[in-house]
Amino acid sequence: MSPQVAGQLELLGQVLISGILLGGLYSLIGLGMSLIMGVMKIINLAHGELMMVAMYITFWAFTLAMIDPYVSLLIVFPLMFLLGVSVQKFLLTPVMEADTVLPQNQVLLTVGLGLVLSNLALLLFTANYRSVPVSYASKTIYWDLKLGGQTISLSFSYPFLLAFGIAGVLGASLFLFLAKTDTGRMIRATAQDKRAAALMGINTKRITYITFGLGAALVGAAGALLDPVYYLYPQIGGPFTNKAFVITILGGLGDIPGAVLGGLVLGLAESLGSVYISLGYKDAFGFIIFVLVLIFMPRGLLGRGRA
Amino acid sequence: MSRKSLIGLLPVAAVLLIPLLTQSPYLLHMFILSLLWIVLGQSWNLLGGYTGQISYGHAAFFGVGAYTTGIMVKSGQSPSTAWWGLLLGGLAAAVVAAFIGWVCFRLRGSYFSLSVLALSEVLRLVAVNWNRLTNGAEGILFIPAFTQKTYYYYIVFALAAVNLGVIRWVMRSKPGYYFLAIREDQDCAESLGIDTTKYKLLSLLISAFFTGAAGAFYMNYMGFIDPGIVFSIPDISIMMILVTMLGGAATKWGPAVGAILFILVSEIFRVWVGSGHLLFFGVLIIAIIIYFPNGIVGTLTDRWARKRRLQGAEAAA
């Protein structure tokens, strides 16, 4: 193998690795969104803003109390769960019962919520970009591959690897929770058919609270994991809300394993596209794939979601 | 003309006289922005309120209209061509809308909403990256043709009046009834022989034309645009929805009420609080959706109608 080919392979490998690692975090964002979409049948357009809140909690925990972002997951997860439950209980559920011309009032309510959260952050914390300067932020692990007489050296960012691992653990726990526990079964039943679930004696209102809480907690966890490798500012939510619905549609509406795949596909598409096509259009690839998937495979990449 | 429609013309006449009463550039600026948002709200209302196709990406049309004018001026046209610039901006937006409609009307409900949003974001990225045409993220800057705000006031007033007139006319003619039928039940409308795709597209084209014309006006008036301003999802697309919802979707005067309230509220809070002035607007939206689910005009009309019915029933008894 010539050194040029080896160099190209090294680049490709590196791009794939960073795409997959980023995709792991995207999956976590998508899981929360997919859960909410599956049970409540609404798009949560404040999803990114919820992540922003979690990022600020992590930031202040680190700045004021020197709590490591990964440890602060233990604070972020329950706090975001409570925030999600309150949003569903006090804002979305009351609106669900009103009789309106347009059926999308709940979605617009989440838009209003997003505005409130991002502008509250702007007022309280100013528009400054902040970051969580952990000591291991730029630590990397190298992996040398011998291939056809050439050495291909691949690097893994340590915080990204850690985030990927934690995201995997959280995702797996969610599967187990949904598959094995009573509450998980109730959530799945409510997503399948709300009225039938209610007739079987499930308190569907309580299930919607838990679902929104879980969705918020999951995206909150993604925020906490993103903090050491990203920067944060009050308006960071919008782009991530967009990514969240792209991931969810890619995976198929309400399809939990699909959301993981959707996250990985988006991560890879952004990573490959920005290196091989154009960095400026990085964010466009996700949208274009999104529209194509919606038109040609409306049930998601796995073909199992609701059309 | 009936007495009722003459009374309806009174506020219009009053608005026409405003520049004679005040020369304050600040006040006129507020009125111009209100009228601009009335155009935007009414245009969104035609597609979203009456036809029931919720678009999260109307900034696409606003941006295309604004950039059409911007690129025209940059390539040597004088900004005083504001007049047909509006028309051209609207037409360019309608062409883009034809494509977006062709793609997105294959989808329904939230999927339609999100796919329009996605394509609108793609257009923003094109505006950022196609440096030679759009001057990229730097934006386009020129000196507006008129120093007097009065001219702009009358231009945007005429735009708003034409917009209102066209929408009223369409809603009173056959397509208008088709729009309502599509909103209420698309399958039912289809089964009655309405070409739903065609009429949804018609609604989108009219809506996009006026949104684009408003964008062209914005460029002429402000003299500066960049992709982040005119293709903004939160500041344009979402605000168009909120303005309409605030006043009342699918009502005649709802978008106008919403637009005036929006400009008033955001101005008061911009002066008082400075940054984060949209905070209160978010709270307002949440409150409106909970307490006035059909907007201010819509919910109040419903309540009055119910009260009148009750009184009628009492009188009959």
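In the text below, chain A, chain B and the rest are named by the order of the sequence lines, each starting its count at 1.
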So do the side chains of A:L115 and B:L242 get within less than 4.5 Å of each other, counting heavy atoms only? yes
Suppose the criterion is salt bridge (charged side-chain N to carboxylate O under 4.0 Å, His left out): which pairs have a residue in residues 108-119 of chain A, not counting sequence neighbours? none
Report which part of A:I249 has an atom under 4.5 Å of a heavy atom belonging to chain B: side chain, backbone, both, or neither. side chain
Within the 4.5 Å heavy-atom criterion, are B:Y56 and A:V111 side-chain neighbours or not? no
Reference residue A:V291; test side-chain contact (heavy atoms from CB on, under 4.5 Å); the match among B:V116, B:V122, B:L119, B:L107: B:L119
Top residue by heavy-atom pair count (under 4.5 Å) with chain A, among B:G298, B:A118, B:G248? B:A118
CZ (A:R206) with more than 12 external heavy atoms under 6.0 Å: no
Report the distance from atom CZ of A:F245 to atom CG of B:L117, rounding to the nearest 0.5 Å. 4.5 Å
Checking heavy atoms, do the side chain of A:Y281, its backbone, both or neither come under 4.5 Å from chain B? both
Measure the spacing between CG of B:L114 and CG of A:N242 and express it to the nearest 0.5 Å. 9.0 Å
Heavy-atom count check: over 12 atoms from other residues, nucleotides or ligands less than 6.0 Å from A:F296 CZ? no
Selection from A:V246, A:V116, A:L91, A:D283 maximising heavy-atom pairs under 4.5 Å formed with chain B: A:V116
Examine whether an atom of B:T299 lies under 4.5 Å from a heavy atom of chain A, and if so say whether it belongs to the side chain, the backbone or both; otherwise answer neither. neither
With a 4.5 angstrom heavy-atom cut-off, could you sort out which part of B:V283 is near chain A: side chain, backbone, both or neither? both
Less than 4.5 Å apart, any side-chain heavy atom of B:E121 and any of A:I288? no
Which bit of B:L284 comes within less than 4.5 Å of chain A, counting heavy atoms only: side chain, backbone, both or neither? neither
Given heavy-atom pairs under 4.5 angstrom as the criterion, report whether the side chain, backbone, both or neither of A:L117 touches chain B. neither
Picking from B:I285, B:V103, B:N129, which has the most non-hydrogen pairs under 4.5 angstrom with chain A? B:N129
Just wondering, more than 12 heavy atoms not from B:E138 lying within 6.0 Å of its CD? no
Mind checking the CZ-CD1 spacing from A:F90 to B:I290? Nearest 0.5 Å is all I need. 11.0 Å
Report which part of A:I43 has an atom under 4.5 Å of a heavy atom belonging to chain B: side chain, backbone, both, or neither. side chain
Please classify the contact between B:I241 and chain A as side chain, backbone, both or neither, with a heavy-atom cut-off of under 4.5 Å. side chain
Where does B:I238 contact chain A at under 4.5 Å (heavy atoms): side chain, backbone, both or neither? side chain
Which distance, rounded to the nearest 0.5 Å, do you find between the CG of B:L246 and the CG of A:L108? 11.5 Å
Side chain from CB out, backbone as N, CA, C, O: work out which of these in B:I288 comes under 4.5 Å of a heavy atom of chain A, or both, or neither. neither
